[in-house]
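Note that this is a predicted model, so its numbers are computed, not measured. Below, chain A is the first sequence line, B the second, and so on; all start at residue 1.
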Amino acid sequence: MADELPPFRYTPQLAAEIEHRWQDRWEADGTYEAPNPAGPLADPEGVAGRPRRYVLDMFPYPSGAGLHVGHPFGFISTDVYARYRRTKGDNVLHAMGYDSFGLPAEQFAVRTGAHPRTTTEANIATMRRQLRRIGLGHDARRSVATTDVAFYRWTQWIFTQIFESWFDPEANAARPITELVASLESGDRPTPDGRAWGELSEGERRAIIDDHRLVYSAEMPVNWCPGLGTVLANEEVTAEGRSDIGNYPVFRRNMRQWVMRITSYADRLLDDLDLLDWPEPIKVMQRNWIGRSTGARVRFAGEAGDIEVFTTRPDTLFGATFMVLAPEHPMVDALVPGAWPEGTPQRWKLASQDDVAAVAGGAAVPATPGEAVDAYRAAAAAKSDRERQEDRQKSGVFIGATATNPVNGRQVPVFIADYVLMGYGTGAIMAVPAGDERDFDFARDYGLPITAIQQPPAEWYEAHGIEPTLDTTAWPEAFVGEGDYVGSAADEADGRSAIDLNGQRTIAGAVELINAWLESQGRGEAAITYRLRDWLFSRQRYWGEPFPIVWDEHGPRSVPDADLPVELPEVDDYSPQAHDPDDADSNPVPPLGRVEDWAEVELDLGDGPRTYRRELNVMPQWAGSCWYELRYLDPTNEDRFVDPDVERYWMGPGVDRNGRETAGGVDLYVGGVEHAVLHLLYARFWHKVLFDLGHVSGPEPFHRLVNQGYIQAYAFTDARGQYVEADQVTEVDGQYFFDGQPVNREYGKMGKSLKNMVTPDEMYEAFGADTFRLYEMSGGPLEASRPWSTRDVVGMQRFLQRLWRNFVDEDTGELVVVDEPAADETRRLVARTVAGVDADLDSLQANTAIAKLIELNNHVTKSDAPVSREVAEPMVQLLAIVAPHIGEELWARLGHDSSVVWAPFPAVDEALLTDDTIELPVQVNGKVRGHITVAADADQAAMTAAALDVENVAAHLDGAEPRKVIVVPGRMVNIVL
RNA sequence: GCGGACGUGGCGGAGUUGGCAGACGCGCCAGGUUUAGGUCCUGGUACCCGAAAGGGUGUGUGGGUUCGAAUCCCACCGUCCGCACCA
């Protein structure tokens, strides 16, 4: 068969030959190496006068499963943009590294006994080979892996920087902890209990300092995942209360863990989003995740001291008829009396309607509040988060205590209920049933008073079909809108000043008034609360960065720079630290704890050599990705994590795509939306700390972010629900069949288990890398997801074959390009194509750029004359941006010795972009009825005359006089009757 | 429930500021090359009427603004994504 083909046809075999040859050549020549302004990679001449352009991909985890065709989509997009910017003269930094710590390698190690480093490095080698085969123009010198000791040495260094810092709220920035110590020593800053610094013991001083650190170790409720044997960050736990990885149950437990004080940066992380050129949905997700709420803290006096609540609606204080604490609130035990107060309704003693039913059936009512509290806590702990979520019935129990509403002195009962979360605000709320749906539901269920505090408008009553009334027994739900205040006044009494909100019309006005009053009474103050929690930073695993921390009798101390890296020790056994996934009471066992000769270490921390115990936890997988973009800049630097001059050059303040100045950061960052609140929040946090400490030159790591879409795929299941090989499914009249049996089609991810995986290797084999690249880029915009369709790839192969044939004689292999000038029409089309492709690539629209190239090629194919050099050269240059191998090959065949990569983008003769005459549509009443051809600079009268002269237009006018003629020069003529 | 994004041929998708809807590719139809199939080449391809010229209808649905709307506004329907008792 093959020998029937012309010998020089652009076949997959020829494509492979060309591609391998050029890939070797690029590697040998260092074609994609980007010069630095300083250091080992310096080339001042290469840098001079060229704008920097940092183009970055979210680096991949080197999975052993291998790539499918969806993985390289983003990488090819950035490669095309990087190539485009090189032709425009930029110094483009484009590199690829590996986020190589992580669970899969460790789990594989546990199963097979192979060292995670061995499998990780093998996987990286495989992935490098697969990515090289696509022809991605990466600077190979800059490739790093987070598992490289030379890399995580600096991850550890950054950790110590964070450890040795505290957040100064006055500066709203991190400062070295030494400055805090100095101000405590000098007395400029008082100690927590007012004693002089010199009077404190070493242990007391250390405790104060440790309390201020940006990363600290504390006993706290954490997400314990027995199935994985480790604790997890909130961001790693799904809404169903399961682990993001592995889908194991997750339990809330109190444990001693390391935490990063990301909440200190909540405001800056929120505000600085405005500096960024990011997709609005991602910004919204980050804003929601940070979840800033403004309101007030209010203190209710109780038997065991003040109970502090946070509320966004302090203006509704007069409607607070009870309080609710989280079941695990620390004050509960102190508040619970030995016996039920007289007259406690039975309903308050029962946690739920189920209990009410049980009691009706003869079950006992809790005899004391303590009994009720214990039972409720036990029941709540037994419920999974999923059950809590699905069961929206409010449950809770009265704890037998009351507290004083500070605004009017009324005693209100105190409940515990699991709809109040310990992790948010103060873990306690004032319940305002008239103005809050949840409190309303609870109050109705427990027969608690509902006091109206705002007058709902007439429409509200109408919408509910009830007569206007302030008797809330008639209300079907809480009123949460804006309305005049009622019953919201109290006279001076019991040492309280008078307060009157009743004249207020707006929530804002009432809030301002009540906040001032609360502060004057010492019962509260305006406050801000965030949904964001501090970042749980420790994991009980092996395959992660060891903490550069040792412990002495007073607490943790950082390992000095000179003693970094703290290398992962060799272990005999990575064996499962996991437990029964449902055993909430199991305890984490860090694998490093079993390496006794490593865990004990002798160090001199400035007070002579001593023996210390190492921290045994490791960092979470996110650590390396918090700063890898900085290491690409200066990958071999052994003295610093990055040279300051190099950092400022690539990441410092710059100019964005609209010519506006930026605060700095990567010029283009492309990756999936799944990192919207994990990596992208953590990396911003670390960068801000480094910025505060003077280690980087801008406040944000990634200036412009684009979320690539996903390549999706159809999967097919048979009658038993089993997946069947997707490539063997046939379609008949919209029905799908496998092996003669009808199958069901699903649309979604591509993957081995779904039996619909298509690999890049198959594509190289059948089409070649350039065809594969073109297909990936041509299907639609970068941001859009779309289905993979192997059947469609042939379209791009035909394009390259036709184009090749326009340049190379298929029988002789001779170049058929001629030096004669091209036809005028062709030259104009070339100019339009160059200009159009320029604009398309600039806005990351490779799909339409490719369409324009195909149009030009189709035009050239149709003309009988051989292609002219003045057409061929720009055409090859544009092609080389998306299909670099065939581009280089044709460029070389056109007689060029140097790579097309560095050839400047083709110039456009502006005169060729405008035509002497243009064809315009003529509309009658907005509908196109004909066309006119007029001089490009024709005036309105001439255009009108020509339009009225069109036969079909005249027919539609039917002799009538136009009421109006609208002429848009260069666009159209519309005749209005 | 709250928040966000998006609805264009058989399919993937084009469509600067409102100004010729459907670029480009797949698929499909017809023709050519070929012993045949495939490859390759040429032409056609939103839908309806018409031999054609031409006409009518069309960008999820219904309204509105405008000389003119896929594009702007309102309501609704649908799909996808995020959050989910956050006080």
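A676(A) and I282(A) get closest at one heavy-atom pair: CB-CD1, 3.7 Å. P327(A) and Y376(A) make their closest contact through CG-CE2, 3.8 Å (heavy atoms, listed as atom of the first residue, atom of the second, distance). Nearest heavy atom pair, residue I290(A) against residue Y530(A), reads O-CB, 3.5 Å.
The listed nucleotides are rC26(B), rG55(B), rG19(B); the one nearest the side chain of R798(A) is rC26(B). When the nucleotides rC83(B), rG19(B), rG27(B) are ranked by their closest atom to the side chain of V794(A), rG27(B) comes out on top. Comparing rG19(B), rA23(B), rG25(B) by their nearest atom to the side chain of M972(A) picks out rG19(B). Relative to the side chain of E855(A), the nucleotides rA23(B), rG55(B), rC20(B) differ in distance, and rA23(B) lies closest. Across rA87(B), rA84(B), rU57(B), the shortest atom-to-atom separation from the side chain of K927(A) is found for rU57(B). In this structure, the nucleotide among rA87(B), rC40(B), rG15(B) sitting nearest to the side chain of I429(A) is rA87(B). For M285(A), the side-chain atoms get nearest to rG82(B) when compared with the rest of rG82(B), rA87(B), rG12(B). If you check rG15(B), rC85(B), rG55(B) against the side chain of Y419(A), the one that comes closest is rC85(B). Counting only heavy atoms from C-beta on, V928(A) has its side chain closest to rC20(B) among rC20(B), rA87(B), rA14(B). The side chain of P281(A) lies closest to rG4(B), out of rG15(B), rG4(B), rG25(B).
Using N1 to N3 plus N6-O4 or O6-N4 for Watson-Crick, or N1-O2 and O6-N3 for G-U wobble, each under 3.5 Å, rG3(B) pairs with rC81(B). rU65(B) makes up no base pair with any nucleotide shown, lacking Watson-Crick or G-U wobble contacts both under 3.5 Å. For rG43(B), the paired nucleotide is rC29(B), the pair qualifying as Watson-Crick or G-U wobble because both relevant distances are below 3.5 Å.
Distances shorter than 4.0 Å separate some side-chain N or O of R802(A) from OP1 or OP2 on rC41(B). For the pair Q286(A) and rG3(B), the criterion of a side-chain N or O lying under 4.0 Å from OP1 or OP2 is not met. The phosphate of rC24(B) (OP1 or OP2) has no side-chain N or O of N857(A) nearer than 4.0 angstrom. Between N288(A) and rA84(B) there is no side-chain polar atom (N or O) within less than 4.0 angstrom of OP1 or OP2. Residue R531(A) has a polar side-chain atom (N or O) positioned under 4.0 Å from OP1 or OP2 of rA84(B). Side-chain nitrogen and oxygen atoms of R791(A) include none within less than 4.0 Å of the OP1 or OP2 phosphate oxygen of rG12(B). Within the 4.0 Å cut-off from OP1 or OP2 of rC41(B), not a single side-chain nitrogen or oxygen of T861(A) is found. Put simply, R929(A) has a side-chain N or O that comes within less than 4.0 Å of OP1 or OP2 on rG56(B). Between H956(A) and rG54(B) there is no side-chain polar atom (N or O) within less than 4.0 angstrom of OP1 or OP2. Considering only side-chain N and O atoms, N847(A) lies nowhere under 4.0 angstrom from the phosphate OP1 or OP2 of rC24(B).
Counting any heavy atom pair closer than 4.0 Å across all strands shown, T529(A) reaches no nucleic acid atom.
Geometric assessment of R297(A) against the ring of F310(A) yields a negative cation-pi assignment under the 6.0 Å and 45° thresholds. Taking the centre and axis of the six-membered ring of W289(A), the NZ or CZ atom of R531(A) falls inside the cone set by 45° and 6.0 Å.
Nucleotides rC74(B) and rG27(B) are separated by 43 Å at their P atoms, to the nearest Å. With both ends at atom C1', the span from rA21(B) to rC47(B) equals 14 Å, rounded to whole Å. Comparing the C1' positions of rU33(B) and rC26(B) gives an interatomic distance of 23 Å, to the nearest angstrom. Rounded to whole Å, the P atom of rG12(B) lies 27 Å from the corresponding atom of rC83(B). Separation of the C1' atoms belonging to rA36(B) and rC48(B) is 39 Å when rounded to the nearest angstrom. With both ends at atom C1', the span from rC29(B) to rU35(B) equals 25 Å, rounded to whole Å. rU8(B) and rU59(B) have their C1' atoms separated by 4 Å, with the value rounded to a whole Å. When the C1' atom is compared between rU71(B) and rC6(B), the two are found 14 Å apart, to the nearest whole Å.
With hydrogens and angles ignored, a donor-acceptor pair closer than 3.5 Å exists between the side chain of N974(A) and the base of rC67(B). Under 3.5 Å, the side chain of K394(A) and the base of rC85(B) form at least one donor-acceptor pair of N or O atoms.
Remark on RNA chain B: of its neighbouring residues D439(A) and I854(A), the 5'-side contact belongs to I854(A), judged by nearest-heavy-atom nucleotide.
The aromatic rings of F442(A) and Y446(A) sit parallel, their planes meeting at an angle under 30°, below the 60° perpendicular limit.
The six-membered or imidazole ring of Y714(A) lies near that of Y747(A), with a centre-to-centre distance under 6.0 Å.
Taking 90° from 0 as the syn/anti boundary, the base of rG9(B) is oriented syn.
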